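Single-structure report; data block below.
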Amino acid sequence: MILTEWLIFFLILQVIHFLGTWKLYTKAGRKAWEALVPVYNAVILMKIINRPWWWVILLFIPVINVIMLPVIWVETIRSFGKNTTSDTVLVIVTLGFYIFYINYTQDVQYIQDRSLKPKTAAGEWISSILFAVVAATIVHTYFMQPYTIPTGSLERTLLVGDFLFVSKFHYGARTPMTAVSFPMVHDTIPVIRTKSYTSSPQYPYFRLPGFQNIKRNDIVVFSWPIDTVRFFRDQSGKNFYKPIDKKSNYVKRCVGVPGDSLSVVDGYVHINGERTKLPSRAQVQFSYAGTTKGSSFNLQNLYDRYRIKQDEFGYNNSQFSSRGMTEDAATRFKNHPNVGSIQRILAPKGQKDPGIFPNNGRVNWNSDHFGPIYIPEAGKTVKMDLKSFSLYRRIIEVYEGSEMGIDNKLSVNGTQILLNGQPIDNYTFKQDYYWMMGDNRHNSEDSRVWGYVPANHIVGKPVFVWFSWDSNAKGLFNKIRWERMFTTVGGEGEPVSYFKYFLILLAGWIIYNQYRKKKKNT
């Protein structure tokens with residue numbers, strides 16, 4: 001729904017609230033009109049049910065409000081003596097409309113000094129769990145989200161099995177767009193493997209202010225723009241509509257920011273005609289093939305010495321190939337006495353790849369030779385011709401069309417571009433866009449395949465690796481990558497683990513708490 005529709009919907013809810021509670025407000029010693037005034041009525045209701053005023057804020061936080069509404073319904077009827085289990089069940093299953101029945105048909109008395117302490121152990125547990133979920137959902141949605149690296153596209157900066165904390169506040173937290181959603185999960189409820197949200201209604205897109213912009217070569221978590229699969233890595237081939245905030249999360253390096261002219265030459269990214277300079281921790285990898293010589297060829301030693309993943313290395317007789325080797329490793333590998341030759345696998349310039357953006361088979365582009373393209377910037381205008389039609393069609397029809405509640409249709413009549421049947425010569429972009437790529441150039445599904453990433457798809461910035469698990473290692477102790485625990489994602493030089501400092505602080509905290517308890521008891 002667009003903003004105007006949400007405003008109308010909000011006003012309708014205020015009328016429903018007034019009709020269902022105005023008698024209860026008067027029985028609590030308030031004025032009937034106080035049940036009608038938006039926001040103010042919620043503040044007064046908190047006084048009636050003897051709850052703190054800041055609960056009103058929770059009612060206006062997406063996702064949290066869905067959790068809080070049933071709580072408010074139950075608290076309201078209990079403030080008027082309706083404490084039985086059947087009353088609680090009725091008010092929840094009727095979505096609060098049981099309050100209408102109490103308001104108009106029951107001669108209830110307001111309990112001014114009602115005890116807020118749960119009357120049973122089960123009630124106390126439910127209350128504790130409920131507010132733990134609320135607190136965790138606020139942190140998860142607006143501050144810090146855990147994330148797992150599922151693929152090797154950013155090897156060796158981030159490894160498969162890394163567990164990250166992703167900051168929502170660096171770039172500004174994106175408020176949820178899905179109004180009704182199961183808390184603390186993404187698009188799927190675990191175990192039962194069913195959808196965790198309703199596709200409608202949808203809140204308008206809004207992002208809280210951040211304290212930094214996305215910089216070129218930042219590692220970024222974002223919603224996969226073309227995601228239409230029900231579950232992450234779904235192989236069923238079926239397509240599903242997914243709201244922006246429920247699309248699968250990807251992590252890549254942002255190699256191009258709004259306003260950049262980007263091209264890929266011999267596999268390397270060029271910005272505005274110059275080859276981009278990557279941070280020291282970034283290790284660009286390519287596919288290599290070669291031949292061996294001699295009778296002894298210890299693959300395990302080569303894996304370890306040149307940091308080659310076994311599942312990305314192939315060997316057959318006297319030939320070998322690797323899908324993830326840096327240029328420096330390839331140079332050293334070439335000097336090995338058992339290596340006869342090695343060369344980088346490179347798609348020739350001019351060779352068409354129909355799987356490469358803009359996916360129309362009309363451009364002579366491939367993963368190693370691509371562009372140049374312009375990365376759109378909000379407020380900037382481009383000329384609309386047959387070339388820009390292909391590059392920006394999805395932007396205009398989807399990212400600035402259907403996903404924003406606008407019915408945009410781009411078409412061609414000869415050489416004339418039509419927007420909703422009307423001729424256009426140029427187009428002005430409504431939001432910023434980014435270009436995301438993996439460091440493992442031949443083992444990454446990225447913007448070269450599906451194009452631009454809109455600003456409203458940005459999730460956050462990975463800041464911390466708190467745990468790392470190598471599923472290919474043998475032995476429980478060896479599976480844990482101890483050297484990666486509590487390391488920062490950004491920065492220069494080799495990552496430094498702060499795990500020992502964490503253990504020292506944890507031990508100090510435990511000792512302090514024990515000392516405080518002992519002193520309190522003496």
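Quick caveat: nothing in here was measured; it's all calculated off a predicted structure.
Checked against the 6.0 Å centroid threshold, Tyr434 and His457 do not count as a close aromatic pair. Residues Phe169 and Tyr142 keep their aromatic ring centres 6.0 Å or farther apart. If you look at Tyr288 and Phe286, their ring centroids are not closer than 6.0 Å. Taking the six-membered ring where the residue is Trp, the centroids of Trp365 and Phe357 are separated by 6.0 Å or more.
Ring geometry, Phe467 versus Trp469: the interplanar angle falls under 30°, so the pair is classed parallel (tilted spans 30 to 60°). Ring planes of Trp55 and Phe131: tilted class, angle from 30 to 60°.
For the residue pair Asn426 and Thr381, no side-chain donor N or O sits within less than 3.5 Å of a side-chain acceptor on the partner. Remark: the Asn364 side chain and the His369 side chain contain no N/O donor-acceptor pair separated by less than 3.5 Å. Donor-acceptor pairing under 3.5 Å is lacking for the side chains of Ser261 and Asn272. Side chains of Ser388 and Asp385: a donor on one and an acceptor on the other come within 3.5 Å. A donor atom on one side chain and an acceptor atom on the other are not found under 3.5 Å apart for Ser497 and Thr487.
Using a 4.5 Å heavy-atom cutoff, the side chains of Tyr399 and Pro225 are in contact. When side chains are defined from C-beta on, Lys246 does not count as touching Ser223, because their heavy atoms never get closer than 4.5 Å. Side-chain contact between Ile373 and Trp435 is present, with at least one heavy-atom pair separated by less than 4.5 Å. At least one side-chain heavy atom of Arg193 sits less than 4.5 Å from a side-chain heavy atom of Thr188. No side-chain heavy atom of Ser367 sits less than 4.5 Å from a side-chain heavy atom of Val264. Here the side chains of Met437 and Phe370 are not in contact, with every heavy-atom distance at 4.5 Å or above. Between Val363 and Lys352 the shortest side-chain heavy-atom distance does not fall below 4.5 Å. Counting heavy atoms from C-beta outward, Phe464 and Met144 have side chains that stay 4.5 Å or more apart.
Taking the charged nitrogens against the carboxylate oxygens, Lys242 and Asp227 do have a contact shorter than 4.0 Å, which makes a salt bridge.
In this structure, Phe211 places its CZ atom where more than 12 heavy-atom neighbours from other residues, nucleotides or ligands lie under 6.0 Å away. More than 12 non-hydrogen atoms from other residues, nucleotides or ligands lie less than 6.0 angstrom from CZ of Phe10. More than 12 heavy-atom neighbours from other residues, nucleotides or ligands sit within 6.0 angstrom of CZ on Arg207.
Under the salt bridge (Lys or Arg N to Asp or Glu O under 4.0 Å) test applied with Asp470, the options Arg484, Lys479, Arg481 reduce to a single match, Arg481.
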Salt bridge (Lys or Arg N to Asp or Glu O under 4.0 Å) evaluation trace for Asp245 with Arg174: CA-CA 9 Å; Asp245 60 331; Arg174 180 181 64 187; over 6 Å; no
Steps toward ring pair (Phe, Tyr, Trp, His ring centres under 6.0 Å) verdict (Phe499, Phe486): CA-CA 5 Å; Phe499 184 52; Phe486 289 77; 5.5 Å; yes
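Without hydrogens or angle criteria, Asp368 side chain to Leu346 main chain gives no donor-acceptor distance under 3.5 Å. With Asp439 contributing its side chain and Ala282 its backbone, the two residues share no donor-acceptor pair below 3.5 Å. Within the 3.5 Å criterion, the main-chain N or O of Trp450 finds no donor-acceptor partner in the side chain of Asn359. Remark: the backbone N or O of Ala455 is not paired with any side-chain donor or acceptor of Asp432 at under 3.5 angstrom. Side chain of His170 to backbone of Gly460: no donor-acceptor contact under 3.5 angstrom is found.
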